[in-house]
Amino acid sequence: MPSTPAVPSDFIRDIVSEDAASGRHRLVVTRFPPEPNGYLHIGHAKSICLNFGIARENNGRCNLRMDDTNPTKEDVEYVESIQADVRWLVSGWADHVLGLKPRGAHAEASTIHGRPDHSIAAIRGSEAAGHDLEPFFASDYFPQLFGFAERLIEKGLAYVCDLSPEETDRYRGAPDRPGQESPSRHRTVAENLDLFRRMRSGEFPDGARTLRAKIDMASPNVWLRDPILYRIRHATHHHTGDAWCIYPMYDFAHCLSDYLEGVTHSICTLEFEVHRPLYDWLLGALDLARPLPRQIEFARLNLGYTVMSKRKLLQLVNEGVVTGWDDPRMPTISGLRRRGVLPGSLREFALQIGVTKFNGLTDVAVLEKCIRDDLNRAALRRLAVIQPIKVVLTNIAPGESIACEATNNPEDPASGTRTVHLTREVWIEQDDFMEVPPPKYFRLRPGGEVRLKYACIIRCDEVVRDATGAVVELRCFADLTTRTGQPNAGRKVKAAIHWVSATLAVPATIRLYDRLFTEEEPEKDGRDFKSVLNPHSLRVVQAWLEPSLAGATPGERFQFERLGYFCLDASSPPQSLVFNRTIALKDSWAKTKGE
RNA sequence: UGCCCGAUGGUGUAACGGUAGCACAGCAGACUCUGGAUCUGUUUGUCAUGGUUCAAAUCCAUGUCGGGCAGCCA
């Protein structure tokens with residue numbers, strides 16, 4: 001088992017600890033602020049674990065906030081899925097620090113030391129009983145944000161600009177070339193206020209005007225070249241409907257949303273590093289009454305054999321490469337869940353990979369190790385045969401059934417045992433028999449012996465072929481004195497293989513998943529990620545399962561011995577069984593065999 | 001090419017001027033009624049060049065390489 005320190009440490013946690021120790025804040029508050037324009041993926045899981053982990057370690061709070069300032073890209077379907085995914089991931093670990101608000105609550109005005117202020121109250125999971133709660137929405141702050149914008153205008157720090165999108169682009173200059181001031185830059189405060197209010201009342205069409213901060217068109221940081229704060233968009237918003245036709249930009253909305261919620265540490269990914277001066281400028285320009293939040297950036301997750309952007313994942317969904325956002329091959333949280341991954345595995349993964357500013361590529365083996373470790377401890381063992389070959393046990397009578405006791409989970413003695421029945425005809429895996437085996441092959445061969453796990457040792461006496469010469473049946477002798485509790489139970493053979501009774505087994509459909517891409521870096525050297533899709537990422541096969549599996553419930557996970565971990569699909573129809581393979585067991589024989 | 005950020009074994013990550021450690025992967029072995037799990041051992045590393053210092057992965061300088069930034073996206 002991986003030995004991860006109980007209290008993780010990284011440069012961000014160090015900063016938070018120092019701030020907490022300095023007494024600068026009453027309570028450590030972080031936030032997880034996804035835009036509801038897609039499903040959450042494992043990269044978001046890293047961020048969730050960081051933000052909720054910090055809140056948890058400091059007995060603080062982590063607000064879930066929809067960063068929904070762009071009505072044309074967002075949808076309620078996404079806000080629903082995001083909530084479900086966050087709750088699932090955090091459940092049993094950090095629910096108590098999950099910050100939400102009473103449904104319908106808005107930011108409220110107050111006065112602090114004679115200065116006007118606005119803030120919104122949060123309720124932590126630990127005090128949530130009896131409340132009807134919902135996430136925070138940046139769009140709930142549109143009224144306050146509008147007020148902050150007016151304040152900026154009044155201070156001469158923002159102006160309404162008449163430049164068209166193309167002109168704005170041209171005037172911005174380039175990273176190595178200063179920009180040029182907009183002709184609108186020197187309007188009076190009164191004129192700006194009037195124009196901004198008319199923008200809001202719907203007097204102008206999309207793109208006609210913007211509100212911009214007045215900073216420095218010659219700044220080497222292009223985000224300080226009079227960035228746009230508001231744009232006109234006559235569009236219906238998923239949360240505010242048609243109440244607004246101007247919408248704030250990310251940079252303006254984000255820092256102030258953090259402030260309104262009392263966020264102390266605003267943790268985001270590296271691409272926002274160049275935005276930090278703007279984040280600080282905006283907060284600094286408004287003379288705010290309470291301590292300001294602080295932005296800290298870390299490297300986003302890159303994982304081998306997958307892509308990690310919502311845009312590309314959406315493309316896979318839209319083009320039918322996968323069946324949906326929750327296709328078990330997707331690196332989405334919902335995909336991993338449907339695949340059978342436990343939330344604790346993802347949390348452990350986040351701990352293992354750490355948090356830095358180095359933009360690296362994480363080996364999927366780390367994730368797989370976390371998934372296996374978790375499932376190894378939790379999953380009940382069952383017997384199943386995927387590629388069957390028939391074995392006839394010649395010394396067992398037709399209709400005879402021999403009860404054998406099978407361990408449910410060797411890692412957890414409390415899980416007890418169950419009974420499996422040995423009959424004259426059983427299925428074993430085709431891989432577990434070879435007529436002319438290579439060296440070091442331990443399984444069944446003509447004249448050889450192998451143990452049927454939990455049952456007895458069998459000896460292969462005869463190989464039966466069909467007209468084409470293909471092996472269709474093995475006739476074997478079952479040494480019943482080698483059963484548990486029998487005199488020869490201790491007899492050793494080189495291998496124990498899995499099996500199911502051919503007469504009692506239940507059929508099932510099994511979906512065998514493999515990585516979605518054939519290359520560890522699908523987009524290496526600018527190549528199109530769709531050109532390296534793995535055509536065998538899904539294989540559907542029929543299998544035979546031990547009868548006890550007929551009662552499995554959707555979402556239930558098992559280890560099919562020697563094969564891997566499997567999860568009854570959430571949408572498995574009641575009268576038939578559909579299992580998803582979460583992950584195969586490590587197979588050192590495959591390595592030996594491969595050379 | 002302007003600005004910002006980064007660089008420690010194959011991969012990811014510690015060491016906060018004083019013994020380069022951990023995890024994953026790999027390899028070898030032990031054990032095993034799962035070729036799983038477990039256990040033991042083990043290969044491999046401070047981007048380069050200067051400087052400061054008794055002492056540098058760590059501080060400074062220069063260079064190299066990698067990433068980010070020029071949406072009315074977030």
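Please read all numbers here as calculations on a predicted model, not as lab measurements. Chain A is the first sequence line, chain B the second, and so forth, proteins listed ahead of strands; every chain is numbered from 1.
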**Q** Going by modelled atom types, is there a donor-acceptor pair between the base of B/rG35 and the side chain of A/R443 at under 3.5 Å?
**A**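 Flag set: donor-acceptor pair detected.
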
**Q** Taking the same atom, C1', in B/rG17 and in B/rG41, what whole-Å distance lies between them?
**A**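 Pairwise C1' distance, B/rG17 against B/rG41, rounds to 34 Å.
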
**Q** Quick test of your reading of the model: are A/E519 and A/K524 salt-bridged, counting only N-O distances below 4.0 Å?
**A**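 Salt bridge absent between A/E519 and A/K524.
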
**Q** Has the side chain of A/T484 got a donor or acceptor atom sitting under 3.5 Å from an opposite partner on the base of B/rC33?
**A**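 When only heavy-atom distances are counted, A/T484 does reach the base of B/rC33 through a donor-acceptor pair under 3.5 Å.
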
**Q** Only counting residues at least two apart or in another chain, list the ones meeting side-chain contact (heavy atoms from CB on, under 4.5 Å) with A/R557.
**A**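 Here the qualifying residues are A/L342, A/L375, A/C567.
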
**Q** Would A/R491 and A/D479 pass as an ion pair if we require N to O under 4.0 Å?
**A**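 Salt bridge present between A/R491 and A/D479.
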
**Q** What's the closest nucleotide to the side chain of A/D176 if the choices are B/rA74, B/rG2, B/rU34?
**A**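 Of B/rA74, B/rG2, B/rU34, B/rG2 is nearest to the side chain of A/D176.
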
**Q** Measure from the side-chain heavy atoms of A/Y454 and tell me the nearest of B/rC24, B/rU1, B/rC33.
**A**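 When the side chain of A/Y454 is considered, B/rC33 is the closest of B/rC24, B/rU1, B/rC33.
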
**Q** Check nucleotides 11-15 of chain B against the protein and report each pair of N or O atoms closer than 3.5 Å, with its distance, or say if there are none.
**A**
unit_1: B/rU11; atom_1: O3'; unit_2: A/L361; atom_2: O; d: 3.2
unit_1: B/rU11; atom_1: O2'; unit_2: A/L361; atom_2: O; d: 3.0
unit_1: B/rG12; atom_1: OP1; unit_2: A/L361; atom_2: N; d: 3.1
unit_1: B/rG12; atom_1: O2'; unit_2: A/I353; atom_2: O; d: 3.1
unit_1: B/rU13; atom_1: OP1; unit_2: A/T356; atom_2: OG1; d: 2.6

**Q** So what's the dot-bracket for RNA chain B: Watson-Crick or G-U pairs under 3.5 Å, [ ] if a pair crosses, | if it pairs off-strand?
**A** .((((((..((((....[..)))).(((((.......)))))....(((((..]....))))))))))).....

**Q** Only one of A/T419, A/T484, A/T417 forms a side chain to side chain donor-acceptor pair (under 3.5 Å) with A/E405, so which one is it?
**A**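 That would be A/T417; it is the only one of A/T419, A/T484, A/T417 passing the side chain to side chain donor-acceptor pair (under 3.5 Å) with A/E405.
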
**Q** Can you check whether A/K310 has a side-chain N or O nearer than 4.0 Å to OP1 or OP2 of B/rA74?
**A**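 So the side-chain polar atoms of A/K310 never come under 4.0 Å of the phosphate oxygens OP1 or OP2 of B/rA74.
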
**Q** Check A/L549 against A/L383 and note the closest heavy-atom contact, atom names and distance.
**A**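 Closest pair (atom of A/L549, atom of A/L383, distance): CD2-O, 4.3 Å.
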
**Q** For A/Y250 and B/rA74, do the ring centres fall under 5.5 Å apart while the planes stay under 30° apart?
**A**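 Base of B/rA74: not stacked against A/Y250.
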
**Q** The side chain of A/R231 lies closest to which of these nucleotides: B/rA25, B/rC73, B/rU34?
**A**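 That would be B/rC73.
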
**Q** Rounding to the closest angstrom, what is the interatomic distance between B/rG6 and B/rC72 at atom C1'?
**A**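 Rounded to whole Å, the distance is 32 Å.
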
**Q** What is the nucleic acid contact for A/Y441, judged by heavy atoms within less than 4.0 Å: base, sugar-phosphate only, or nothing?
**A**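 Since a base atom lies under 4.0 Å of A/Y441, the category is base.
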
**Q** Suppose you measure atom C1' in B/rC73 against the same atom in B/rA37; what distance do you get, rounded to whole Å?
**A**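 So the two C1' atoms sit 48 Å from each other.
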
**Q** NA contact type, A/R209, heavy-atom cut-off 4.0 Å: base, sugar-phosphate, or nothing?
**A**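 Nothing, no heavy atom under 4.0 Å.
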
**Q** Working note: A/R382 + A/N408, criterion side chain to side chain donor-acceptor pair (under 3.5 Å); need CA distance, chi angles, decisive distance, verdict.
**A** CA-CA 7 Å; A/R382 290 295 182 263; A/N408 280 329; 2.9 Å; yes

**Q** For B/rU52 and B/rG10, measure between their C1' atoms and round to the nearest Å.
**A**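 Roughly 35 Å separates the two C1' atoms.
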
**Q** Kindly indicate whether a cation-pi arrangement holds for A/R515 with A/Y305, taking the cut-offs as under 6.0 Å to the six-membered ring centre and within 45° of the axis.
**A**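 Positive - A/R515 is close enough to the ring of A/Y305 and near enough to its axis.
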
**Q** Salt bridge or not between A/R418 and A/E546? Use side-chain N to carboxylate O under 4.0 Å.
**A**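 A salt bridge links A/R418 with A/E546.
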
**Q** With rounding to whole Å, what would you report as the distance between B/rU62 and B/rG68 at their C1' atoms?
**A**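 Rounded to whole Å, the distance is 23 Å.
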
**Q** For RNA chain B, which residues in residues 164-174 of chain A have a heavy atom at a distance below 4.0 Å?
**A**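 Residues of residues 164-174 of chain A that come under 4.0 Å of RNA chain B are, in numerical order, A/S164, A/P165, A/T168, A/D169, A/R172, A/G173, A/A174.
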
**Q** For the C1' atoms, the ones on B/rG63 and on B/rC54, what distance do you get once it is rounded to whole angstrom?
**A**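 Nearest-Å result for B/rG63 against B/rC54 at atom C1': 29 Å.
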
**Q** Would A/D587 and A/K591 pass as an ion pair if we require N to O under 4.0 Å?
**A**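 No salt bridge links A/D587 with A/K591.
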
**Q** Using a cut-off of 4.0 Å on non-hydrogen atoms, how would the nucleic acid contact of A/R233 be classed: base, sugar-phosphate, or nothing?
**A**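 The answer is sugar-phosphate, as A/R233 gets under 4.0 Å only of primed atoms, P, OP1 or OP2.
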
**Q** A/R562 side chain: which of B/rC73, B/rC24, B/rU34 is closest?
**A**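 Out of B/rC73, B/rC24, B/rU34, the nucleotide with an atom closest to A/R562's side chain is B/rU34.
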
**Q** Classify the glycosidic conformation of B/rG67 as syn or anti, calling it syn when the angle lies within 90° of 0.
**A**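 Base orientation relative to the sugar is anti.
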
**Q** Hey, does A/K492 reach any base, or is it just sugar-phosphate, or nothing, if we go heavy atoms under 4.0 Å?
**A**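 The answer is sugar-phosphate, as A/K492 gets under 4.0 Å only of primed atoms, P, OP1 or OP2.
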
**Q** When all nucleic acid strands are considered with a 4.0 Å heavy-atom cut-off, which category describes A/E273: base, sugar-phosphate, or nothing?
**A**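 Sugar-phosphate, no base atom in range.
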
**Q** Mind checking the C1' distance from B/rG18 to B/rU64? Whole angstroms is fine.
**A**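 Comparing C1' positions in B/rG18 and B/rU64 gives a spacing of 30 Å.
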
**Q** Pick base, sugar-phosphate or nothing for A/E368, based on heavy-atom distances below 4.0 Å to the nucleic acid.
**A**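 The answer is nothing, as A/E368 stays clear of every strand by at least 4.0 Å.
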
**Q** Closer to the 5' end of RNA chain B via nearest nucleotide, is it A/K453 or A/K73?
**A**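 Residue closer to the 5' terminus by nearest nucleotide: A/K453.
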
**Q** Over all strands shown, is A/V222 touching base, sugar-phosphate only, or nothing at heavy-atom distances under 4.0 angstrom?
**A**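 Since only primed, P, OP1 and OP2 atoms lie under 4.0 Å of A/V222, the category is sugar-phosphate.
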
**Q** Identify whether any heavy atom of A/E411 sits under 4.0 Å from a base atom; if not, whether one sits that close to sugar-phosphate; answer base, sugar-phosphate or nothing.
**A**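 Base contact - A/E411 has a heavy atom under 4.0 Å of at least one base atom.
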
**Q** If the threshold is 4.0 Å, N to carboxylate O, is there a salt bridge linking A/E368 and A/K586?
**A**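 Answer for the salt bridge query: no.
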
**Q** Counting only pairs under 3.5 Å, give me each side-chain donor-acceptor contact of residues 175-182 of chain A, with atom names and distances, residues two or more places apart or in other chains.
**A**
unit_1: A/E181; atom_1: OE1; unit_2: A/H186; atom_2: NE2; d: 3.4
unit_1: A/E181; atom_1: OE2; unit_2: A/R185; atom_2: NH1; d: 3.2
unit_1: A/S182; atom_1: OG; unit_2: A/S184; atom_2: N; d: 3.0

**Q** Base, sugar-phosphate or nothing for A/D67? Non-hydrogen atoms, less than 4.0 Å.
**A**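 Sugar-phosphate: the residue A/D67, judged by heavy atoms under 4.0 Å, touches backbone atoms but no base.
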
**Q** Would you mind reading off the distance between A/L480 atom CG and B/rC33 atom P, rounded to a whole angstrom?
**A**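 It is 19 Å, rounded to the nearest whole Å.
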
**Q** I'd like the C1' distance from B/rA70 over to B/rA15, given in whole Å.
**A**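 My reading of the C1' atoms in B/rA15 and B/rA70 gives 39 Å.
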
**Q** Under 6.0 Å from the ring centre and within 45 degrees of the ring axis: does the NZ or CZ of A/R209 meet both conditions for the six-membered ring of A/F204?
**A**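 Flagged: A/R209 positioned over aromatic ring of A/F204.
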
**Q** Specify the separation, in whole Å, of atom CD of A/E271 and atom C1' of B/rC69.
**A**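 Atom-to-atom, A/E271 to B/rC69, this comes out as 10 Å.
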
**Q** Could you walk me through whether A/N37 and A/D75 pass side chain to side chain donor-acceptor pair (under 3.5 Å), step by step?
**A** CA-CA 6 Å; A/N37 67 344; A/D75 196 277; over 6 Å; no

**Q** Under 4.0 Å, heavy atoms only, any strand: does A/K586 hit a base, just the sugar-phosphate, or nothing?
**A**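 Result for A/K586 = sugar-phosphate.
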
**Q** For A/N70 and for A/T482, find the nucleotide of RNA chain B with the closest heavy atom, then tell me which residue's nucleotide is more 5'.
**A**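 The residue mapped nearer the 5' terminus is A/T482.
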
**Q** Can a side chain N or O of A/S588 be found less than 4.0 Å away from OP1 or OP2 on B/rG36?
**A**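 It does, given that an N or O in the side chain of A/S588 lies less than 4.0 Å from OP1 or OP2 of B/rG36.
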
**Q** In whole angstrom, give the distance that lies between atom CG of A/L301 and atom C1' of B/rG67.
**A**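 Spelled out: CG on A/L301 to C1' on B/rG67 is 16 Å.
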
**Q** Can you list everything that forms a side-chain contact (heavy atoms from CB on, under 4.5 Å) with A/R13? Sequence neighbours excluded, please.
**A**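 A/R13 satisfies side-chain contact (heavy atoms from CB on, under 4.5 Å) with A/P8, A/D10, A/L50, A/I54, A/E57 only.
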
**Q** For the side chain of A/D587, starting at C-beta, report the closest nucleotide among B/rU34, B/rG35, B/rC72.
**A**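 Among B/rU34, B/rG35, B/rC72, the one nearest the side chain of A/D587 is B/rG35.
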
**Q** With heavy atoms under 4.0 Å as the rule, sort A/H275 into base, sugar-phosphate or nothing.
**A**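 Since a base atom lies under 4.0 Å of A/H275, the category is base.
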
**Q** Using a strict 4.0 Å threshold on nitrogen-to-oxygen distance, state whether A/E429 and A/R562 make a salt bridge.
**A**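 No, this pair does not count.
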
**Q** For A/P410, which contact category applies under a 4.0 Å heavy-atom criterion: base, sugar-phosphate, or nothing?
**A**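 The answer is base, as A/P410 lies within the cut-off (heavy atoms under 4.0 Å) of a base atom.
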
**Q** Regarding A/L163, tell me which of base, sugar-phosphate or nothing describes its non-hydrogen contacts under 4.0 Å with the strands shown.
**A**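 The residue A/L163 makes base contact.
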
**Q** Would you indicate what A/Y247 reaches in the nucleic acid, counting non-hydrogen atoms under 4.0 angstrom: base, sugar-phosphate, or nothing?
**A**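 It contacts nothing in the nucleic acid.
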
